[in-house]
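Take a look at the structure set out below.
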Amino acid sequence: MDIIIDIVNTRDPFEKEFHQAVTEVAKSVKPVLDKNPEYRHAGIVERMIEPERMIQFRIPWVDDRGIVRVNRGFRIQMNSAIGPYKGGLRFHPSVNLSIMKFLAFEQTFKNALTTLPIGGGKGGSDFDPKGKSDNEVMRFCQSFMSELFRHIGPDTDIPAGDIGVGAREIGYLFGMCKKLKNEFTSVLTGKSLNWGGSLIRPEATGYGAVFFAKEMLATRKESITGKVCLVSGSGNVAQYTVEKLNQMGAKVVVLSDTSGYIYDEKGIDEAKLQYVMYLKNVKRGRIKEYAQKYPESVYTARNAGSGHNPLWNHKADCAFPSATQNEINAKDAQNLINNGVYVVSEGANMPTTPEGVDIFLDNKILYAPGKAANAGGVAVSGLEMSQNAMKIKWPREEVETKLMAIMKSIHEACLSASQEYGTPGNYVNGANIAGFIKVADAMMDQGVV
Ligand code: GLU
């Protein structure tokens with residue numbers, strides 16, 4: 001394990017998020033390597049931490065004032081042992097190589113857990129869609145795709161959405177890709193319904209995180225009905241987490257964005273959720289406006305320097321971090337425990353710092369890391385690819401039933417791997433080990449490539 005950490009420290013000394021993701025996996029899989037020395041001899045981990053290919057490119061575009069702007073684009077083609085590279089595109093000012101690599105690394109294990117034949121990749125740009133006009137977003141997406149199109153394809157690499165990339169961006173990206181390739185193929189997922197998208201794809205990540213929580217609760221013979229829940233974020237993942245929690249009889253009391261959060265003790269019911277969807281998806285406004293519309297709620301502006309996020313300091317049973325990486329630090333994790341939270345199902349990728357994760361594990365709560373709990377999104381992307389390949393469309397119920405079955409099987413795989421390697425109920429070890437073994441075995445079969 002130390003050798004692996006040394007390699008990333010020496011080769012990529014400044015990539016802190018990538019180090020964080022690699023360190024966690026390296027710790028979890030150590031007993032697997034001890035038991036199966038052939039993985040060590042074949043340099044499996046050394047190969048897994050080195051992307052098969054990284055593409056970085058310039059994205060010049062012209063804003064509405066006629067000024068030329070330049071952003072940076074990335075695509076990390078991390079691992080294709082079990083299928084073509086697959087993973088989202090993130091448009092956010094924080095995007096850099098370290099964040100792209102950690103996401104692509106996590107994606108490899110997540111995709112392996114889905115049971116579908118998809119490898120791991122991730123991409124994006126430091127472009128910030130916030131405050132940009134539709135035309136600016138379109139020109140940016142077209143410029144982005146005018147380079148990316150030559151590196152992707154339905155059997156090579158299939159990007160999708162992530163933070164800052166929703167239906168609008170996928171539409172613009174797809175339009176340009178189709179024009180440049182002169183073919184209508186399933187080269188992106190998360191497409192709109194009337195031109196190749198899958199039912200339940202927008203809902204999938206949020207619904208999946210709730211289904212995973214349901215499976216964890218079932219191990220203690222409990223259900224989600226009546227539970228009070230904290231959900232961070234207010235984008236795609238958060239919205240459909242709230243929708244499914246409401247359908248299952250739970251109550252959600254918080255939502256957030258980068259500026260602050262709202263607390264609504266009465267619960268964000270279906271009607272209020274419809275308003276949030278309008279506010280975020282159509283008006284592209286801020287969560288603060290929720291408190292103006294519903295005066296029974298309270299808005300608290302973010303104080304980045306405070307060392308903790310007050311959003312996590314409310315009495316509740318379950319938490320669904322659905323905003324971004326490292327949004328829960330040790331103090332937040334302790335606050336959650338002190339407030340009675342005993343179920344954490346991560347809708348975001350790596351939202352808890354390593355110190356926070358240790359607190360969850362030490363307290364033996366039901367804690368599901370993102371690579372297991374949020375795999376529903378990419379799983380339904382996989383189902384979108386299947387439907388496109390067969391040129392058919394499954395009904396809503398059929399996709400949701402398949403999603404539910406996939407989340408159940410991920411839960412089982414994590415639980416049984418955690419038991420087999422001596423840490424029963426530790427879903428972090430379980431997810432890392434189960435995902436690792438699937439990818440490692442495929443790499444062993446395929447030789448040193
Ligand atoms: N961005 C999502 C994730 O983190 C979905 C990726 C996909 O659908 O390819 O898994």
Side-chain angles (χ1 to χ4, degrees), residues 17 21 74-80 82-92 95 99-125 148 152-154 156-167 169-170 173-174 186-192 196-209 212 233 235-241 320-325 345-351 368-388 399 402-403 406-407 410 431 435:
E17 293 84 3
F74 301 93
R75 187 70 185 167
I76 312 297
Q77 299 183 330
M78 197 74 190
N79 192 302
S80 62
I82 63 169
Y85 311 109
K86 177 90 197 83
L89 297 171
R90 175 176 293 192
F91 292 170
H92 191 270
V95 162
I99 290 185
M100 292 284 98
K101 282 174 68 182
F102 113 68
L103 288 165
F105 185 72
E106 293 265 304
Q107 196 82 39
T108 302
F109 302 98
K110 183 197 308 193
N111 293 3
L113 288 170
T114 64
T115 69
L116 303 173
I118 39 182
K122 202 86 185 190
S125 171
L148 189 68
I152 62 176
T156 313
D157 184 355
I158 307 96
D162 196 80
I163 294 173
V165 178
E169 289 75 16
I170 292 292
L173 291 163
F174 185 84
S186 180
V187 70
L188 287 161
T189 59
K191 299 183 289 295
S192 289
S198 173
L199 285 155
I200 302 289
R201 177 62 191 89
E203 293 88 338
T205 313
Y207 280 18
F212 202 95
N236 166 270
V237 180
Q239 291 169 15
Y240 289 104
T241 298
F320 293 84
S322 310
T324 195
Q325 65 272 357
S345 186
E346 294 183 341
N349 290 311
M350 206 170 75
K371 62 171 83 69
N374 73 36
V378 73
V380 175
S381 277
L383 301 179
E384 181 174 329
M385 288 159 62
S386 308
Q387 294 169 81
N388 292 163
V399 184
K402 286 184 165 51
L403 169 63
I406 289 172
M407 296 315 295
I410 297 175

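Hydrogens, waters and symmetry mates play no part in the numbers below; they use all other heavy atoms, side chains included. Counting convention: from 1, in listed order, for ligands and their atoms alike. Fair warning: this is a prediction, and the values are worked out from it, not measured in the lab.
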(request) Output every pair passing salt bridge (Lys or Arg N to Asp or Glu O under 4.0 Å) with a member in residues 368-377, not counting sequence neighbours, ordered by first then second residue. (result) Glu24-Lys371, Glu106-Lys371

(message) If I compare all heavy atoms of Met100 with all of Gly124, which pair ends up nearest, and what's the gap?
(response) SD-N, 3.6 Å

(request) Return yes if some donor-acceptor pair links the side-chain N/O of Glu346 with the main-chain N/O of Ala373 below 3.5 Å, else return no. (result) no

(message) According to salt bridge (Lys or Arg N to Asp or Glu O under 4.0 Å), does anything in residues 108-124 pair up with another residue at least two apart or in another chain? List the pairs.
(response) Lys122-Asp162

(request) List in chain and number order the residues that pass side chain to side chain donor-acceptor pair (under 3.5 Å) with Lys86, two or more places apart in sequence or in another chain; answer none if no residue qualifies. (result) Thr189

(request) Answer yes if the side chains of Asn79 and Thr108 hold a donor-acceptor pair under 3.5 Å, and no otherwise. (result) no

Check ligand 1 against the protein and report each N/O to N/O distance under 3.5 Å, formatted as atom name, atom name, distance.
{"residue": "ligand 1", "atom": "1 (N)", "partner": "Lys122", "partner atom": "NZ", "Å": "3.4"}
{"residue": "ligand 1", "atom": "1 (N)", "partner": "Gly161", "partner atom": "O", "Å": "2.9"}
{"residue": "ligand 1", "atom": "1 (N)", "partner": "Asp162", "partner atom": "OD1", "Å": "2.8"}
{"residue": "ligand 1", "atom": "4 (O)", "partner": "Lys110", "partner atom": "NZ", "Å": "2.9"}
{"residue": "ligand 1", "atom": "4 (O)", "partner": "Lys122", "partner atom": "NZ", "Å": "3.0"}
{"residue": "ligand 1", "atom": "4 (O)", "partner": "Asn349", "partner atom": "ND2", "Å": "3.2"}
{"residue": "ligand 1", "atom": "8 (O)", "partner": "Arg201", "partner atom": "NH2", "Å": "3.0"}
{"residue": "ligand 1", "atom": "8 (O)", "partner": "Ser381", "partner atom": "OG", "Å": "2.6"}
{"residue": "ligand 1", "atom": "9 (O)", "partner": "Lys86", "partner atom": "NZ", "Å": "2.7"}
{"residue": "ligand 1", "atom": "10 (O)", "partner": "Gln107", "partner atom": "NE2", "Å": "3.1"}
{"residue": "ligand 1", "atom": "10 (O)", "partner": "Lys110", "partner atom": "NZ", "Å": "2.8"}

